[in-house]
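It should be emphasised that the depicted structure is a prediction, and the values quoted were computed from it without experimental measurement. Sequence lines set the chain letters: A, B, ... in the order given, protein chains first and strands last, and positions in each chain run from 1.
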Number of protein chains: 2
Amino acid sequence: MGIVERRERMKKQLRADILKTARDIAREESWAAVSIRKIADVIEYSPPMLYEYFDNKDKILETIRNDGFAALHEELQKLKTLYRSPEKLLTEFAQIQWRFAIEQTEVFQVMFNIDGANCLSKQVYQAEFAKLNTHPVWEALAQIRPRSADAVSKTFYEWWCLTYGFLLISIVTQPRPQLPNLEPIFMESVRRFVRGLS
Amino acid sequence: MGIVERRERMKKQLRADILKTARDIAREESWAAVSIRKIADVIEYSPPMLYEYFDNKDKILETIRNDGFAALHEELQKLKTLYRSPEKLLTEFAQIQWRFAIEQTEVFQVMFNIDGANCLSKQVYQAEFAKLNTHPVWEALAQIRPRSADAVSKTFYEWWCLTYGFLLISIVTQPRPQLPNLEPIFMESVRRFVRGLS
DNA sequence: TGTAACACTTTACAGTGTTAAATATTCTAC
DNA sequence: GTAGAATATTTAACACTGTAAAGTGTTACA
């Protein structure tokens, strides 16, 4: 009686297709060009079908945003098992952030509401700052410079602004072909920051 | 025969009203809520009238963006006459950037394409990096740490990413009432950056 | 006072997100 | 194998959006 299971699988697949299609259109055109009808066209369904899978257009972006942060978190967890040195962990993570932003720019745009990507739901940011002392970056910072929790959280925010801010500005203001040249400058800034901690 | 002059004046006024109204709506609602028809409603004209003043909606945003950068440039020029110390110039300018972003958030959103503000024209960024060695911040950086033009330009880019990046991230990810608490962290980051130069 | 220039509006088109109602398809029980 | 229920999917519609063409007033000058 695998019928309901098959249906379940197909639903999951279609849901994934919707997300993928949205990203594809955003990548090839822009987030401004992403519309319910265009996605429906590509997946060969009528527009209202999408509302069986997402409450509204915003929820589609919200999912992509959350998935983006989750993906980075996963990478971070992997790094944690690979490197013991907190300094190494931080610079390696910065490297991954850079690559992520360059390779999956359309996801990054949604994650930070830039360049036409506009998603109201911002609770993922709060989540990121909520359980701070379990965040691998927070832990690394605390390890390098043991201080009060508040002081570490402050440093954590500086880190956050330095890395993501650098990427945001670069993606928004610089032409795509210019970006590879900026990576060394980014990494140097990160290393200087890490060095300045101890 | 001040007729044509009077007309000229009224045109200029109406143009300014359009820009102001767009900003007002963005401030009270969001940039996503700014529409030609809403602006037309407020200034009490029919929608097509706006096209006598701006080629399209994008040009309205483009103007606001350029005006924003111009305003900051003006402030920077003022600072240049006030302070001799390049370190002081940089930190004071950072302070002004912060205030600008907090007080005129809707302009800042257009300047960097965040939170629903979506303006295709990005040549203002290129302009900012084009005539680098006449930029007061570039000059200040060169004064603090005299190096090759390329090295200074690199530092200039780091400065740009640090200050604007910090602001972008803060505005996008933090709730408005939280922002004042972040100013000291911002300024501390800036001061550390400046200190690290020499 | 007629005419040319200008200011402005009406109407229309193609596109948007989204909803309710109608239809088609699939599965289950007899 | 077919009737009926459950599910899947579409059609049609509404209220928006930016924008262009055509039409209508209003003003200024000969």
Side-chain angles (χ1 to χ4, degrees), chain A residues 1-19 21-23 25-26 28-64 110 113 115-121, chain B residues 1-19 21-23 25-26 28-64 110 113 115-121:
Chain A
M1 184 102 17
I3 290 168
V4 37
E5 282 85 352
R6 195 203 61 215
R7 276 200 179 157
E8 209 66 30
R9 246 185 299 128
M10 297 200 79
K11 275 201 144 190
K12 222 168 164 182
Q13 182 56 52
L14 191 47
R15 200 187 126 96
D17 286 348
I18 293 171
L19 296 172
T21 305
R23 286 180 47 181
I25 299 171
E28 282 159 38
E29 303 183 53
S30 74
W31 277 108
V34 174
S35 79
I36 296 287
R37 279 176 176 81
K38 257 190 218 162
I39 300 174
D41 252 30
V42 175
I43 64 171
E44 298 184 293
Y45 278 94
S46 66
M49 195 64 225
L50 296 185
Y51 290 85
E52 299 287 324
Y53 296 86
F54 296 95
D55 281 357
N56 49 47
K57 191 184 174 184
D58 214 66
K59 291 277 180 190
I60 298 178
L61 294 224
E62 187 180 334
T63 305
I64 292 173
V110 175
N113 261 14
D115 281 335
N118 190 22
C119 171
L120 266 325
S121 157
Chain B
M1 191 85 35
I3 289 169
V4 38
E5 282 85 353
R6 194 203 59 216
R7 277 200 178 160
E8 210 65 33
R9 246 183 301 128
M10 297 199 80
K11 275 202 146 193
K12 222 171 165 180
Q13 181 57 52
L14 192 46
R15 200 186 125 97
D17 286 349
I18 293 172
L19 295 172
T21 304
R23 286 181 47 181
I25 298 171
E28 282 159 38
E29 304 184 52
S30 74
W31 277 108
V34 174
S35 79
I36 297 287
R37 279 175 176 82
K38 259 190 216 164
I39 300 174
D41 252 29
V42 174
I43 64 171
E44 298 182 293
Y45 278 94
S46 66
M49 193 65 225
L50 295 184
Y51 291 85
E52 299 287 323
Y53 296 86
F54 297 95
D55 281 356
N56 49 47
K57 192 184 173 185
D58 215 65
K59 290 276 180 193
I60 298 178
L61 294 224
E62 187 179 335
T63 306
I64 292 172
V110 176
N113 261 15
D115 282 335
N118 190 22
C119 172
L120 267 325
S121 157

Considering the terminal five base pairs at each end of the helix from C:dT1-D:dA30 to C:dC30-D:dG1, what angle separates the two local helix axes, rounded to 10°?
30°
Any residue meeting side-chain contact (heavy atoms from CB on, under 4.5 Å) with B:Pro47, in chain and number order, not counting sequence neighbours
B:Ile36, B:Arg37, B:Ala40
Taken in chain and number order and not counting sequence neighbours, the residues that satisfy side-chain contact (heavy atoms from CB on, under 4.5 Å) with B:Ala16 are none
Only counting residues at least two apart or in another chain, list the ones meeting salt bridge (Lys or Arg N to Asp or Glu O under 4.0 Å) with A:Lys11.
none
Could you state the atom-to-atom distance from CG of B:Leu120 to P of D:dG18 in whole Å?
15 Å
If you assign B:Pro47 and A:Tyr45 each to the DNA chain D nucleotide with the nearest heavy atom, which residue ends up on the more 5' nucleotide?
A:Tyr45
Look for any protein N or O under 3.5 Å of an N or O in nucleotides 13-17 of chain D and output each such pair with its distance, or none.
{"from": "D:dT17", "atom 1": "OP1", "to": "B:Ser35", "atom 2": "OG", "distance (Å)": "3.0"}

Rounded to the nearest 0.5 Å, how far apart are CD1 of A:Ile39 and CD1 of A:Ile18?
7.5 Å
Protein heavy-atom contacts under 4.0 Å, written 5' to 3' over nucleotides 20-25 of chain D as B (base), S (sugar-phosphate only) or - (none), form the string B-----
For A:Lys38, enumerate each residue passing the salt bridge (Lys or Arg N to Asp or Glu O under 4.0 Å) test, keeping only those at least two apart in sequence or located in another chain.
A:Glu29
Between atom CE in B:Met10 and atom C1' in D:dT26, what is the gap in whole Å?
14 Å
Taken in chain and number order and not counting sequence neighbours, the residues that satisfy side-chain contact (heavy atoms from CB on, under 4.5 Å) with B:Leu61 are B:Trp31, B:Val110, B:Cys119
Shortest non-hydrogen contact from A:Val34 toward A:Ala22
CG2-O, 3.6 Å
Specify the separation, in whole Å, of atom CZ of A:Phe54 and atom P of C:dT19.
15 Å
Considering every strand and a 4.0 Å limit on heavy-atom distances, what is the contact class for B:Glu52: base, sugar-phosphate, or nothing?
nothing
Please list all pairs passing the salt bridge (charged side-chain N to carboxylate O under 4.0 Å, His left out) test where one or both residues lie in residues 39-63 of chain A, with sequence neighbours left out.
A:Lys59-A:Glu62
Distance check needed: D:dT19 P versus B:Met49 CE, whole Å only.
16 Å
Whole-Å distance separating the OH atom of A:Tyr53 from the C1' atom of C:dT18:
18 Å
Per B:Arg7 side chain, nearest of listed nucleotides D:dA28, D:dT9, C:dC8:
D:dA28
Could you check B:Thr63 against B:Arg15 for side chain to side chain contact (heavy atoms under 4.5 Å, CB included), going step by step and ending with a plain yes or no?
CA-CA 11 Å; B:Thr63 306; B:Arg15 200 186 125 97; 3.6 Å; yes
Find the distance A:Leu50:CG to C:dT16:P and express it as a whole number of Å.
13 Å
Residues that A:Gln13 engages under side chain to side chain donor-acceptor pair (under 3.5 Å), provided they are two or more places apart
A:Asp17
In whole angstrom, give the distance that lies between atom CZ of A:Arg15 and atom C1' of D:dA8.
18 Å
Partners passing side chain to side chain donor-acceptor pair (under 3.5 Å) against A:Asn118 (at least two apart in sequence or in another chain):
none
